[in-house]
Q: 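Pasting a structure below so you can have a look.
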Amino acid sequence: MKRTTLFAVCLYLSAALATAQVNERDFVKGADVGFLTGQERQGQKFYDVKGNERECLELLKNDYQMSAIRMRVWVNPRGGSCDKNELLAMAKRVKALGMDLMVDFHYSDSWADPGKQPIPKAWLGHSFEEMKQDLRQHTIEVLTLLKENGIAPRWVQVGNETTNGMLWSVKTNERGWEVKDSLGHTTITHSMGHIKTEPQQYAGFIRTGYDAVKEVFPQAIVIVHLDRGHRQDIYDKNLDTILKYGGKFDMVGMSLYPYWAMEGHPELKADDIITDCIKNIRYVSEKYGCDVMIVETGYEVDERHPEKMEEGRRQLSRAIREARGDTNGHCRGVFYWEPQCRPGGYKLGAFDSKGMPTAIMDGFLE
């Protein structure tokens, strides 16, 4: 081989290796731990697989290669859970460990998801323009609190699973969950940004949130988050609507939950759902010219059936492997939703009843 050719090959391999290292470093593995403060308040402890007591965030970082934490924030939550002060306290812990932070604005006093996006009590009765100002002020207030404490989130979600829009309330029970009729339908009680009836206002809220984030943290990556990452049609409809009416985003966040997708749909298979999600990541990144991230995923814990955790590990490992290696570099990470949850109240955590990681967590190491 000629010397000049050998030199060119070495330069190519060096560049390729550098690119691979950058891509590896930029691919994030993380967790949403919004319940953690409450768990610790109740005295719950966490342990590694050898039974040693560990601080939860440190365990996730050092034993499971996680480099980022996602935290939700509500407007005026009952009891202060998931408010701006709880966010700040956790953000300080995240920074102390050298981890990155994702802030997930729900723009609600409680849970916001595809089935409901409850308008905060203090915002009820406001006009569209007034509510945009409410959203802007809340976003700036929360992010300014972080900034004043030397914390800069790497990513900010302007809304949580806004598949059907933002800021629309439904009839709920005393626990805050939506009430459905015999046909499984809910009753919308207040709506300001439902994608079907007020698409322009929905896009306006997304744009307002985007601009508010950039006002405080110009370098933050602003995410629009939708559920059912395996459903391309959902992403076409929602993202097209946002852009049609002047909304903006830097990245698209997806939820990937084979367990929930299959519930009530026996014709679906977990591997097909993962396949379709990876395909959709490629599609969305190409169509909209942006990166994508799986900001929520989870797999079933059942201590009576260890094989279910092994299957969860396999699915998680596959999702991470293909998100990193089969999306043309456009999937930037995978976050597990509340892995530290113990089985009982929530099925898709990843720790057992003793507070130890199950086999599912090994999916982060493969």
Side-chain angles (χ1 to χ4, degrees), residues 23-36 46-51 54 56-70 99-100 102 227-230 253-263 268-281 292-327 329-343 346-366:
N23 289 340
E24 179 72 17
R25 185 169 66 248
D26 285 349
F27 187 88
V28 176
K29 290 183 280 190
D32 186 306
V33 295
F35 286 133
L36 180 57
F46 300 93
Y47 305 88
D48 60 26
V49 292
K50 295 180 180 179
R54 302 278 291 278
C56 186
L57 298 187
E58 179 270 329
L59 173 63
L60 295 176
K61 177 186 177 182
N62 292 326
D63 288 29
Y64 295 100
Q65 303 175 355
M66 294 191 184
S67 62
I69 293 297
R70 178 177 183 255
M99 303 174 81
D100 289 322
M102 179 186 295
D227 76 323
R228 289 170 287 176
H230 62 291
M254 294 183 178
S255 293
L256 170 60
Y257 289 112
Y259 181 91
W260 298 124
M262 292 187 295
E263 190 175 53
L268 298 179
K269 305 298 179 185
D271 278 309
D272 292 339
I273 292 165
I274 295 172
T275 295
D276 288 344
C277 183
I278 299 301
K279 181 180 178 180
N280 196 30
I281 290 172
V292 179
M293 187 177 286
I294 297 174
V295 297
E296 289 189 22
T297 193
Y299 304 85
E300 184 181 10
V301 171
D302 186 342
E303 293 177 280
R304 297 169 301 176
H305 299 282
E307 69 276 8
K308 290 188 178 182
M309 277 90 83
E310 284 296 331
E311 175 61 14
R313 177 203 57 76
R314 185 192 70 81
Q315 291 179 30
L316 174 61
S317 177
R318 182 195 162 194
I320 293 174
R321 181 176 65 252
E322 295 186 15
R324 178 168 52 197
D326 198 22
T327 60
H330 288 297
C331 185
R332 293 302 186 178
V334 175
F335 281 70
Y336 202 106
W337 199 82
E338 303 286 4
Q340 83 289 349
C341 279
R342 301 184 183 187
Y346 179 59
K347 299 178 180 179
L348 307 185
F351 279 48
D352 65 20
S353 57
K354 297 178 182 178
M356 297 174 63
T358 67
I360 295 171
M361 291 297 294
D362 291 337
F364 282 102
L365 305 177
E366 299 173 9

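Starting from 1, each residue takes its place in the sequence as its number. Both backbone and side-chain heavy atoms feed into the values below; hydrogens, waters and symmetry mates do not.
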Q: Can you sort out the partners of T275 under side-chain contact (heavy atoms from CB on, under 4.5 Å), two or more places apart, ordered by chain and number?
A: R318
Q: Of I274, D32, L316, which meets side-chain contact (heavy atoms from CB on, under 4.5 Å) against T297?
A: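 Among the candidates, only L316 passes.
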Q: Who are the salt bridge (Lys or Arg N to Asp or Glu O under 4.0 Å) partners of K61, not counting sequence neighbours?
A: none
Q: Under the rule for salt bridge (Lys or Arg N to Asp or Glu O under 4.0 Å), what residues qualify as partners of D272, not counting sequence neighbours?
A: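 Result, salt bridge (Lys or Arg N to Asp or Glu O under 4.0 Å) vs D272: none returned.
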Q: Could I get the full list of side-chain hydrogen bond (donor to acceptor under 3.5 Å, both in side chains) partners for D48, not counting sequence neighbours?
A: N52, R54
Q: Which residues satisfy the salt bridge (Lys or Arg N to Asp or Glu O under 4.0 Å) test with R313, sequence neighbours excluded?
A: E310, E366
Q: Mind checking what makes salt bridge (Lys or Arg N to Asp or Glu O under 4.0 Å) contact with D100, not counting sequence neighbours?
A: R154
Q: With sequence neighbours left out, what residues match F35 under ring pair (Phe, Tyr, Trp, His ring centres under 6.0 Å)?
A: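 F35 satisfies ring pair (Phe, Tyr, Trp, His ring centres under 6.0 Å) with W111, W337 once adjacent residues are dropped.
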Q: Please list, chain by chain and in numerical order, all residues satisfying side-chain hydrogen bond (donor to acceptor under 3.5 Å, both in side chains) with E263, sequence neighbours excluded.
A: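 With neighbours one apart ignored, the set is empty.
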Q: Holding to ring pair (Phe, Tyr, Trp, His ring centres under 6.0 Å), I want the full list of residues that pass it with F364, two or more places apart in sequence or in another chain.
A: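 Result, ring pair (Phe, Tyr, Trp, His ring centres under 6.0 Å) vs F364: none returned.
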Q: List the residues meeting side-chain contact (heavy atoms from CB on, under 4.5 Å) with A261, not counting sequence neighbours, and say none if there are none.
A: H230, I273
Q: Going by side-chain hydrogen bond (donor to acceptor under 3.5 Å, both in side chains), name the residues that satisfy it together with Y257, two or more places apart in sequence or in a different chain.
A: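 If we apply the side-chain hydrogen bond (donor to acceptor under 3.5 Å, both in side chains) test to Y257, skipping adjacent residues, the hits are E296.
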Q: Can you sort out the partners of Y64 under side-chain hydrogen bond (donor to acceptor under 3.5 Å, both in side chains), two or more places apart, ordered by chain and number?
A: none
